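Just dropping this structure here.
We use all heavy atoms of the structure for the numbers below, so side chains are in, but hydrogens, waters and symmetry mates are not. Note that the coordinates shown come from a computational prediction; the quantities given were computed from them, not determined experimentally. Every chain is numbered from 1, with letters handed out A, B, ... down the list of sequences.
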There are 2 protein chains.
Amino acid sequence: MPAVTSAPADSQRPDTKPRRRVGRPAAAVLDQDGITAAALQLIQKSGYDGFTMAALARTLNVAPSALYNHVSSKRDVLVLVQDHLTSLVDVSAFESEPWERAVRDWAWSYRDVFSKHTPLIPVIAVLPVTDAPKTLAMYEAVSAGFSRAGFPQERIISAIVAFESFIFGSAYDVTAPADIFDSGSMAATTPHFTSAVARLAEQGFESQADVAFSLGLKALIAGLGGFRA
Amino acid sequence: MPAVTSAPADSQRPDTKPRRRVGRPAAAVLDQDGITAAALQLIQKSGYDGFTMAALARTLNVAPSALYNHVSSKRDVLVLVQDHLTSLVDVSAFESEPWERAVRDWAWSYRDVFSKHTPLIPVIAVLPVTDAPKTLAMYEAVSAGFSRAGFPQERIISAIVAFESFIFGSAYDVTAPADIFDSGSMAATTPHFTSAVARLAEQGFESQADVAFSLGLKALIAGLGGFRA
DNA sequence: CCACTAAATGAATGCCGTTCATTTAGTGGT
DNA sequence: ACCACTAAATGAACGGCATTCATTTAGTGG
């Protein structure tokens, strides 16, 4: 028993409104690059909450379903955006600077890019590199830098993964509210923690996230750098 | 003009089915602990995709809307689960072992717990500690350990945050597919990376994620441990 | 005993991603 | 010049989701 939505069957030629375009347009309106660019713009304007297939389609003056001729899911769009963003990560220092400085610059740049795009982190973290050519290019540049710096081949990937893990985790920190560690009414029962938080706050100019990132990064560079021949 | 859904108005007392219970039950069926336990069970059985308010309600033999008497949103439930899971993280070594070993045990335990719950990471990472008492308790235990080990007060929080960032990032790695670094058809254009991947694979027994985690953790412990008085 | 409240129901709402039959404008082959 | 084919659009569905709300009812405290 189908629910009849009662479209009046008596309209012979309704033409109450000028028929909208349907069918193949003069030239293709959409392609993956256009979709990626529009997605990025939309995300910047409306955030990841406002990033819907419907909203994306609207900015492209197209029906939502049209997107699916060029992309197979919303996740696909996120992968495209991710890959584009990764191409913005600065790996140039690997070709001019000593390893320590190169890693440091790369790590900061990487963190800064994705701290504005943390919803992509779960996507990147498990994405096969095959699906993201620009990401693969970044890895190549970094691997080459590690290799040139004298890293033993069999440690390179592990070291990069360690850096990346730290970078992704730190990207979240950037977005955390400033008072995240305020223990409020529980302060009395957590004396060590509460005092440590107070001590940090009372002398902190720099952003908390930046201090922690700087500290950890230095440790990783010193520790992992020790593997070089 | 409300859309009339045409319920036949002629049924005086339909009683086609025995009326379901409605109204206040003998005793409250739900509370936050019960919801948390059920949520955790459901997540373990059906994963985070299968974790719906409707599904959760079903396992509790309750209408979905009933949950909202005890919890204000789905995110709330996730916070409850997160806090419970954090109480499973082992901090006991801070009371018996030297700092290096204690941090190591804590970090592995922390990573292992959340590698099975990565969808919670975006939640934890930005959650004020006030909203999660057991999480706060973990921080207290860890802060106390750092303090006892001679860490300067104003570095404690930053050091913990650095560890945590690394831990969260590494939790994602655990869930990544084994062939995530297979460069496929692009292998020719990424020689350094491809060879490094091959070298790692050819000698690797241990899980890739574990190797990277172990390496990075050692570096962080060595580097950050240097701050102790 | 009665007013009040906590706690349940189920119907409705408004999104969301995705699918599908259908339409149409170019394109390549004969 | 025609025609078969295809790429690319449309809009109407669909099913699922979190959440809201009026309503009902069983205990509870004064």
> How many Å lie between OH on B:Y68 and P on D:dA22, as a whole number?
Replying inline: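 Those two atoms, OH and P, are 17 Å apart.
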
> Across all strands shown, which nucleotide pairs with D:dG27 by Watson-Crick or G-U wobble geometry, both distances under 3.5 Å?
Replying inline: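 Answer to the pairing question: C:dC4, which forms a Watson-Crick or G-U pair with D:dG27.
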
> Donor-acceptor pair, B:T52 side chain versus B:G50 backbone, under 3.5 Å?
Replying inline: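 Checking the backbone N and O of B:G50 against the side chain of B:T52, a donor-acceptor pair under 3.5 Å is found.
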
> When the distance from NZ of A:K74 to P of C:dT19 is rounded to whole Å, what number comes out?
Replying inline: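 In whole Å, C:dT19 P and A:K74 NZ are 15 Å from each other.
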
> Who does D:dC14 pair with, Watson-Crick or G-U, both distances under 3.5 Å?
Replying inline: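 For D:dC14, the partner nucleotide comes out as C:dG17, under the 3.5 Å rule.
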
>> On the nucleotide C:dT9, are OP1 or OP2 found under 4.0 Å from the side-chain N or O atoms that B:S65 carries?
In response: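 No, because none of the side-chain N or O atoms of B:S65 sits under 4.0 Å from OP1 or OP2 of C:dT9.
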
> So how far is it from A:L136 CG to B:M186 CE, rounded to the nearest 0.5 Å?
Replying inline: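 Between atom CG of A:L136 and atom CE of B:M186 there are 5.5 Å.
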
> Within the distance-only criterion (no hydrogens, no angle test), does the side chain of A:S87 pair as donor or acceptor with the backbone N or O of A:H84 below 3.5 angstrom?
Replying inline: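 Confirmed, A:S87 side chain pairs with A:H84 backbone.
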
> How close or far is atom P of C:dG17 from atom CZ of A:R58, stated in whole angstroms?
Replying inline: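 Rounded to whole Å, this separation is 11 Å.
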
> Do B:N69 and C:dA8 have a side chain to base donor-acceptor pair shorter than 3.5 Å?
Replying inline: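 Between C:dA8 and B:N69, which were checked side chain against base, a qualifying N/O pair under 3.5 Å is present.
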
> Between C:dC16 atom P and A:M53 atom CE, what is the distance in whole Å?
Replying inline: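 Taking atom P of C:dC16 as the reference, CE of A:M53 is at 12 Å.
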
>> Would you say the rings of A:F163 and A:Y110 are close, in the sense that their centroids are separated by under 6.0 Å?
In response: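 Ring centroids of A:Y110 and A:F163 are no less than 6.0 Å from each other.
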
> What integer distance in Å separates B:Y48:OH from D:dG16:P?
Replying inline: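 B:Y48 atom OH is separated from D:dG16 atom P by 23 Å.
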
> In whole angstrom, what separates B:L78's CG from D:dC17's C1'?
Replying inline: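 Atom CG in B:L78 sits about 14 Å away from atom C1' in D:dC17.
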
>> I need the CD1-C1' distance between B:I35 and C:dA7, as an integer number of Å.
In response: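 It is 12 Å, rounded to the nearest whole Å.
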
>> One pair to check against salt bridge (charged side-chain N to carboxylate O under 4.0 Å, His left out): B:R75 and B:D131. What are the steps and the verdict?
In response: CA-CA 12 Å; B:R75 184 171 194 275; B:D131 302 351; 5.9 Å; no

>> Is the phosphate of C:dA6 approached by B:H70 (side-chain N or O, under 4.0 Å from OP1 or OP2)?
In response: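 Checking C:dA6 against B:H70, no side-chain N or O comes under 4.0 Å of OP1 or OP2.
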
> Which one, C:dT18, D:dT10, C:dA8, comes nearest to the side chain of A:A63?
Replying inline: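 It is D:dT10.
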
> How long is the line joining CG of B:D49 and C1' of D:dG16, in whole Å?
Replying inline: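 Taking atom C1' of D:dG16 as the reference, CG of B:D49 is at 13 Å.
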
